[in-house]
Amino acid sequence: MSKQKIADCLREAVAKAQQEGSLAPGTLPEITIEHPQNPSHGDFASNLPLKLARTTRTPPLVIAEKILQKISLPSEIDHATIASPGFINFTLGNEWLTKQVEAILAASDSYGNLTLGTGKNIQIEFVSVNPTGPLHVGHGRGAVLGSTLANALSTAGYLVEKEYYLNDIGNQIELFGHSLYVRYLQYFAKKIDMPPDGYYGNYMIDLAKEIAEEYGDKFLNMPQKEAIEAITEIGLTKIINNIKGDLHLLNVEFDEWFSEKSLYKGEQYNKAMALLENGNYVAKKENAVWFESSLLGEDKDNVLVRSDGSPTYFASDIAYHYNKFMERNFDTVIDIWGADHQGHVPRMKAVIKALGQDPERLKVIICQLVTLHRGKEMLKVSKRSGDIITLREVIDEVGADACRFFFLSRSADSQMDFDLELAKKQSADNPVYYVQYAHARIASIFRLAQQRQIDYRHGDISLLSTEPELTLIRHLIMLPEIVERVAINLEPHHLPYYAQALATVFHSFYKQCRVVSQDEALTQARLKLVRATQIVLAKVLYLMGMTAPEKM
RNA sequence: GCCCCUGUAGCUCAGUGGAUAGAGCGCUGGCCUCCGGAGCCAGGUGCAAGGGUUCAAGUCCCUUCAGGGGCGCCA
């Protein structure tokens, strides 16, 4: 990696200058290399002289001078210059730049793959919506975020497992089953009231109808308990299949669907609780069992087992994380939760500590809520009250690729407004298509090249020398850094911005540089460049979980 | 009351403590004899307010204001 190389050169130069006495001794600060915003400042910049100024009591520009006198530049750097108030700027050589085109072609779709995570396994758990109703837009955000992050992490070299945690047991499921049973009875014209906190959405009526049509009235004559159990099971399966279908439409697939119920069938739950008890973090108060998180610096304790003997969601989650860390031994676990789970983070971290694990191994991404509008009208997304706009409706309206791009374009920290009207109106006129169009345009160039039977395999890349060509290459070679940044910071939102920037420089290049022309040698060289661009565009689109169309 | 997130252009949002703060949409004007005009080029306004740290702050710290979320023997 060039940044690292430059940093090494700087370190060496400083050491040399200090040895010879031309630079005052002092401890070296951490050397950071950045990309200057202004292209005229070169490809890389270091602020080392500014940082050394204090300890060495020397003006930054003088330090820069001394460093430059001693530095031996890596081969890819053409020259380094000093800039006020104390930067050293580095510019890549054209020869090295053009060579990168060959490197990209050679790497092909593995270009951008890193070894950052080699040997480490990460589990990423997301969506994990209660299977009691259809997914809505907010869930789509988590789904897109998680699947993109998973793509980026595995491209960065990690072994990644994507998991959906299925809350298939507990209060909400009982309520769901009860509600569905009532709707089923009502379908057969029985007079019976819905439970007060029940699931009132219209989909429940449809679901009951579906079951009635499929199974007939056989549950009418069963004992209620038995009938509810059976109907719950059938309903859950149907809802889960719907969820899977929705996610599939969004190009989100999971490796594992982990059942909460299974925690109780095996010994997971008991083992986890035993560990907490051994650590003396468990106490019985007011007929309930508590996790004394206040011992670990939390505001308050939390109930594990209710006074009626049933475990809370929190207790399940403890067992679940025990399973993730201590049974399945993931090095790192990423949980993506909605903003309404924000308060759950510190106590979950406390649990990890109580289980004797390093809390740093658990990374929680809180993604802020999505508010849905249609024009000025605010739409509710409450599942129990009904009246929701489902994720599927949104995908149908704006398309999966546009959905993904839109969700990805905002950092998880910021709330988003999703205006259906706007999304639909702009669906033909937004960055999604701009990026995909660049890819399709390249495909079109190759259709022409093929038609003219141009063999560009021996194209001479050193012919690439104009500004638009070199600018394009400069953008192409950023891909590995982008992947690294996304993987380290868990911030997939950099991808769409990069994709857009890359598409922009490509379109600009295309306008200025005719690819297939009378000049055979130049045509071949440019076809190589264009192929490299296509590789990188396709890779970014793949990372974002979007299609890379040949035609549009 | 306490905790978390956010406040950047008319709107939706990027911005790794660095040099002249960016993009998309919208608006206005130009560009196709030639590889796809879903394109290219140009046009302008802005870091909520006030302190502080730093050679350097949109970015870090404190206060205030504003919006959202959380503080259950719900999940």
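These figures come from a predicted structure and were not determined experimentally.
Phosphate proximity of B:C40 to A:Tyr434: present, with a side-chain N or O under 4.0 Å from OP1 or OP2. When the side-chain nitrogen and oxygen atoms of A:Gln415 are compared with OP1 and OP2 of B:U6, none of them lie within a distance under 4.0 Å. Within the structure, every side-chain polar atom (N or O) of A:Arg57 is placed at least 4.0 Å from both OP1 and OP2 of B:C55. For A:Asn38 and B:U20, the shortest distance from a side-chain N or O to OP1 or OP2 is not below 4.0 Å. The phosphate of B:U16 (OP1 or OP2) has a side-chain N or O of A:Arg485 nearer than 4.0 angstrom. Close to B:U54, at under 4.0 Å from its OP1 or OP2, lies no side-chain N or O of A:Arg54. One finds no side-chain N or O of A:Ser409 lying less than 4.0 angstrom from the OP1 or OP2 phosphate oxygen of B:G24. The side chain of A:His493 places an N or O atom within less than 4.0 Å of a non-bridging phosphate oxygen (OP1 or OP2) of B:G15.
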### Task
Check step by step if side chain to side chain contact (heavy atoms under 4.5 Å, CB included) holds for A:Glu163 and A:Phe126.
CA-CA 7 Å; A:Glu163 182 155 293; A:Phe126 54 107; over 6 Å; no
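Glycosidic conformation at B:C32 (O4'-C1'-N9-C4 for purines, O4'-C1'-N1-C2 for pyrimidines): syn, within 90° of 0.
No hydrogens or angles were tested; on distance alone, nothing pairs the side chain of A:Asn47 with the base of B:A19 as donor and acceptor under 3.5 Å. Counting distance only, with no hydrogens placed and no angle test, the side-chain atoms of A:Asn430 and the base atoms of B:G24 include no donor-acceptor pair under 3.5 Å.
With B:A38, B:A75, B:A14 as the choices, the nucleotide that has an atom nearest any side-chain atom of A:Asn167 turns out to be B:A75.
Per the geometry, OH belonging to A:Tyr199 stands 10 Å off P belonging to B:A75, to the nearest Å. Rounded to whole Å, atom P of B:A14 lies 13 Å from atom CD of A:Gln500.
The residue A:Ala438 sits apart from the nucleic acid: no heavy atom pair falls under 4.0 Å.
By the 30° and 60° cut-offs, the orientation of the rings of A:Phe254 relative to A:Tyr164 is perpendicular. Under the 30°/60° scheme for interplanar angles, the aromatic rings of A:Phe506 and A:Phe509 are found to be tilted.
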